[in-house]
2 protein chains.
Amino acid sequence: MSDREEAGGEASPKFRRRKEARPDELLDAALDLFTEQGFDRTTVEQIARRAGVSKGALYLYFPSKDAVIEALVDRAVGPVVGEVVIQIERFEGDPRVLLKRFVPLFAARLSDPRIVAVPKLVVREAVSHPRLAEMYRERVIGRVLPALATLFRQGVAGGHIRPVDPEMAVRSLLGPVLMHVILADVFGIRAEGVTPGDIGLARLFDTHLTIFCAGLDPAPVQEAPHG
Amino acid sequence: MSDREEAGGEASPKFRRRKEARPDELLDAALDLFTEQGFDRTTVEQIARRAGVSKGALYLYFPSKDAVIEALVDRAVGPVVGEVVIQIERFEGDPRVLLKRFVPLFAARLSDPRIVAVPKLVVREAVSHPRLAEMYRERVIGRVLPALATLFRQGVAGGHIRPVDPEMAVRSLLGPVLMHVILADVFGIRAEGVTPGDIGLARLFDTHLTIFCAGLDPAPVQEAPHG
DNA sequence: AAAAACTAACTGACCAGTCATTTATTTAAT
DNA sequence: ATTAAATAAATGACTGGTCAGTTAGTTTTT
């Protein structure tokens, strides 16, 4: 076992210099640990160890522990939006057509634990790290919500769907899905016969979209909505 | 002002013995602080000070800091359910009638910050305090979800609503509301012309229930739900 | 005077961030 | 090619501060 020196073989180096790869490795390790334990209960030493370096090394790449979680969210928040929003904005016609087109993309995104981990983290740590929530609001929520609201507004104007408050219709659409993602593992809500979150998500998508889309049908103009 | 000693007047006592009132005062203080700062960043000293006692006094009533948050959730989790679940379970007929009947009650509950603070806290701290999530699951979620699922199942069987997966329909119903409650202050999502969370909630209820209830209409049997 | 409620000072553990030192890699000279 | 100096990457021991929980002693009530 003692292949330290001599013994003819190579001396295995104690560490390697890999400046390029470190930051991402550290962020990956941090995301895992923050997800498992939360930010406050994760030590910088733990992050460094899981990334295979010492605590001191982490401080070569990040000025503070706070900077780590911010970089984490920053890294995750970029590639999410962009193209999608543009497609939503320039669409014309029945909003439900577009929704159904995007279902597979959404479902795939939401089934990847490393992707959903970030918004969950933001929700949990927002109180002590307002900048995280701000980033997410500016670069994700603040772009997707208005785009979808416009989509519905235009759908109402074109007579494709029943006249509804567009901003609230967006919440009606996204609420069940986001709720499921955030709460599923917190409360371990497993519907009957569901092993991983995946199948449950598919079932939810199916049922919810059925109800939601049917609910948007332009009313047959037969009775007032409430007594 | 210096009525400390002598001076003929009463010496104002440094503290009073009020064994009965202390626990609730401590829990109230703790809930405020946990909500503002999160569990980990709130010190026992802060809780005690806000309740008007010293740190040592807190330990006369609670064996640990963890015990405080558990007592907090325990206290809040009892009176929520009970009567409501029973009424849901014994209802027969169109589920939407019952839903509309309960809207004012729900809206009132969800508009009270001291009430919604607890589930929000549970969601945030569940990772480091699994027992909180367990309590909430057992005594609230695990009772309300099945009751509502049964309500929908029976509604389907009676032909009052379109045939949907009952468990998923429940998520479709509650998702937007819970999402709003949990995310509204995290991301400061303020729809146009909404000052406090109250008005936004009313608008959301209105729009969502319109869509949801219309979406449950027994289909006019004209086309298959998806291509 | 006795008991109960409460306080304030204390302790031991933990941890973010620093820094003097060690190890790996590159460059340049032989 | 081989080796030595220079530089860059990484280590790990250390520090200062914080905080949960304890306890000896004080104040209030009976």
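In what follows, chains carry the letters A, B, and so on, assigned in the order in which the sequence lines appear, proteins first and then strands, with residues in each chain numbered from 1.
Scored by the ring pair (Phe, Tyr, Trp, His ring centres under 6.0 Å) test, Phe62(A) finds no partners at all (sequence neighbours excluded). For the side-chain contact (heavy atoms from CB on, under 4.5 Å) test, residues two or more places apart in sequence or in another chain that qualify with Val164(A) are Val156(A), Arg162(A), Ala169(A), Leu216(A), Thr207(B), Ile211(B). Applying the ring pair (Phe, Tyr, Trp, His ring centres under 6.0 Å) test to Phe39(B) and every residue at least two apart in sequence or in another chain returns Phe34(B), His129(B). A search for side-chain hydrogen bond (donor to acceptor under 3.5 Å, both in side chains) contacts involving Glu45(B) returns Arg49(B), not counting sequence neighbours. Under the rule for a side-chain hydrogen bond (donor to acceptor under 3.5 Å, both in side chains), Lys55(B) has no partner lying at least two apart in sequence or in another chain. Applying the salt bridge (charged side-chain N to carboxylate O under 4.0 Å, His left out) criterion to Asp66(A), with sequence neighbours excluded, gives no partner residue. With sequence neighbours excluded, the residues satisfying side-chain contact (heavy atoms from CB on, under 4.5 Å) with Pro166(B) are Ala149(B), Phe152(B), Arg153(B). Judged as a side-chain hydrogen bond (donor to acceptor under 3.5 Å, both in side chains), and not counting sequence neighbours, the contacts of Gln37(A) are Thr42(A). Residues satisfying the side-chain hydrogen bond (donor to acceptor under 3.5 Å, both in side chains) criterion with Arg143(B), sequence neighbours excluded, are absent altogether.
In the region residues 21-33 of chain B, proximity to DNA chain D at under 4.0 angstrom, judged on heavy atoms, holds for none of the residues. Remark: Thr42(A), Thr43(A), Val44(A) in residues 37-44 of chain A come within less than 4.0 Å of DNA chain C through at least one heavy atom. Residues from residues 48-65 of chain B with heavy atoms under 4.0 angstrom of DNA chain D, sorted by number: Lys55(B), Tyr59(B), Ser64(B), Lys65(B).
For Ile47(B) and dC19(D), the CD1 to C1' distance is 12 Å, given to the nearest whole Å. Following rounding to the nearest Å, Glu45(B) (CD) and dG21(D) (P) show an atom-to-atom distance of 14 Å. Rounded to whole Å, atom P of dT26(C) lies 13 Å from atom NZ of Lys19(A).
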Practice prompt. Take Asp165(A) and Arg171(A) through the test salt bridge (Lys or Arg N to Asp or Glu O under 4.0 Å) and record every step on the way to the result.
Written response: CA-CA 10 Å; Asp165(A) 182 331; Arg171(A) 289 160 171 72; over 6 Å; no
